[in-house]
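Scope of the values below: all heavy atoms of this structure, side chains included, with no hydrogens, waters or symmetry mates. Just so we're on the same page: letters track the sequence lines, and every chain starts at 1.
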Number of protein chains: 2
Amino acid sequence: MAGKKYRIGEFAKLVGLSTYTLRYYEDQGLIVSQRDENSVRYYTENDIRWVGFILHLKGTGLRLNDLKRYVRLRAEGDRTIPERRAMLQKTKDDAEADIAELQMHLKVLSRKIDWYDGKVDHTIDDSESFHDYLQQFNDTKGE
Amino acid sequence: MAGKKYRIGEFAKLVGLSTYTLRYYEDQGLIVSQRDENSVRYYTENDIRWVGFILHLKGTGLRLNDLKRYVRLRAEGDRTIPERRAMLQKTKDDAEADIAELQMHLKVLSRKIDWYDGKVDHTIDDSESFHDYLQQFNDTKGE
DNA sequence: TAACACCTTTGAGTGCACTTTAAGTCAAGG
DNA sequence: CCTTGACTTAAAGTGCACTCAAAGGTGTTA
């Protein structure tokens, strides 16, 4: 029940961040650590979950500044839930837009790879430019 | 047939880059421009396609240094096609891995949004933590 | 004639997110 | 006793990709 306590070095390995970064995040107000009688930081299971969660948010493209705002809102209690929800929704929408764009770029890249393959096995004429080759897929616009 | 010529300002708007960035890319060897009799840069339709293509590569996460390498290889002719193909393939694989990771983060984010909604309409108990709420989805691991 | 868009080189500034260093202290473990 | 790992503050450095400024030049358009 008491829960294991982790010092910064161990905790860093656990969450996949450097001790530098953990202290930096604490400076920035993203993490709060507890201290023992010698003012040595320690972290608990709860902190693992919290860091895990902020890494999910970071992973979807949320910047540190927005993350700070999120943390500030959280500290203000349940009445800021609508605002926090809206932040997450926007982050989600943005990330989904990013994925869509990435996939669009990937499509061209894939076709370039196909074109190289065609050049190598001579199913595509040596003189055919990639641009001309790409034209045949221009139903893409209507997708 | 001759093809329109664009000066840097017009070209910049066309491809969505600043004139600064275009000159910077030229310094870096990513773009080659032609010059008129007054050494004023001009660009053609072909350049639009080339910039378009490198922006696709950038859009999939290729860094300028790698892009430079790609351009150097291209200048060496068809015998570097296998290496270029391999570069693109790796870029593609990396981008797909990024997408997968992003989607994983998005899943957690979506669940947090659902959890907020549950709190607001009281279908989730006030005392239930997000961590506990998340547990019920832990078939996710086996996906 | 003046404004405007371009040209040059060189170097500095920006923003983000760390990352490291310096210089000193402290306490537990082998 | 010495190493290891933690602590502090403040500041500098890193990497990337621009972005802008300074200072002086040329050619076209109103």
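- Val15(A) and Val32(A) sit in two unconnected hydrophobic clusters of ILVMFWY residues. Membership requires side-chain heavy atoms under 4.5 Å apart, directly or through other members.
- Looking at Trp50(B), Tyr6(B), Phe11(B) one by one, the single match for ring-ring contact (aromatic ring centres under 6.0 Å, His included) with Tyr43(B) turns out to be Phe11(B).
- Note that the two end axes of the helix from dT1(C)-dA30(D) to dG30(C)-dC1(D) enclose an angle of 10°, each drawn from 5 base pairs, rounded to 10 degrees.
- Straight-line distance from the CD1 atom of Ile8(A) to the C1' atom of dT4(D): 15 Å, rounded to whole Å.
- Under a hydrophobic clustering in which Ile, Leu, Val, Met, Phe, Trp and Tyr are joined whenever their side-chain heavy atoms come within less than 4.5 Å, directly or via other members, Leu88(B) and Leu102(A) fall into different clusters.
- Ile113(B) and Ile81(A) fall within a single hydrophobic cluster, where Ile, Leu, Val, Met, Phe, Trp and Tyr side chains are chained together by heavy-atom contacts under 4.5 Å.
- If you take CG of Asp36(B) and P of dC6(C), they are 12 Å apart, rounded to a whole angstrom.
- A straight line from NZ of Lys5(B) to P of dC6(C) spans 16 Å, rounded to a whole angstrom.
- For Arg35(B) and dT8(C), the shortest distance from a side-chain N or O to OP1 or OP2 is below 4.0 Å.
- Between Glu10(B) atom CD and dT28(D) atom P the separation is 17 Å, expressed in whole Å.
- Gln135(B) places no side-chain N or O within 3.5 Å of a backbone atom of Asp132(B) that could act as its donor or acceptor partner.
- Nucleotide dC6(C) holds its C1' atom 11 Å from the OH atom of Tyr43(B), rounded to whole Å.
- Counting only heavy atoms from C-beta outward, the side chains of Tyr70(B) and Asp66(B) never approach each other to under 4.5 Å.
- Counting only N and O atoms by type, the side chains of Arg35(B) and Ser39(B) include no donor and acceptor under 3.5 Å apart.
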Quiz item: What string of B, S and - do you get for nucleotides 14-30 of chain C 5' to 3' if you count protein non-hydrogen atoms under 4.0 Å?
Solution: --SSBSBB-----S---

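- With rounding to whole Å, Tyr42(B) atom OH is found 17 Å from dG27(D) atom P.
- Note that Arg111(B) lies in the cation-pi zone of Phe137(B), set by a 6.0 Å cut-off to the ring centre and a 45° limit from the axis.
- A donor and an acceptor atom, one from each side chain of Asn46(A) and Thr44(A), are nowhere located under 3.5 Å apart.
- Nucleotide dC7(D) holds its P atom 7 Å from the CZ atom of Arg7(A), rounded to whole Å.
- As a whole-Å value, the separation of Tyr6(A) OH from dA6(D) C1' is 18 Å.
- Taking only side-chain nitrogens and oxygens, Arg41(B) comes nearer than 4.0 Å to OP1 or OP2 of dT8(C).
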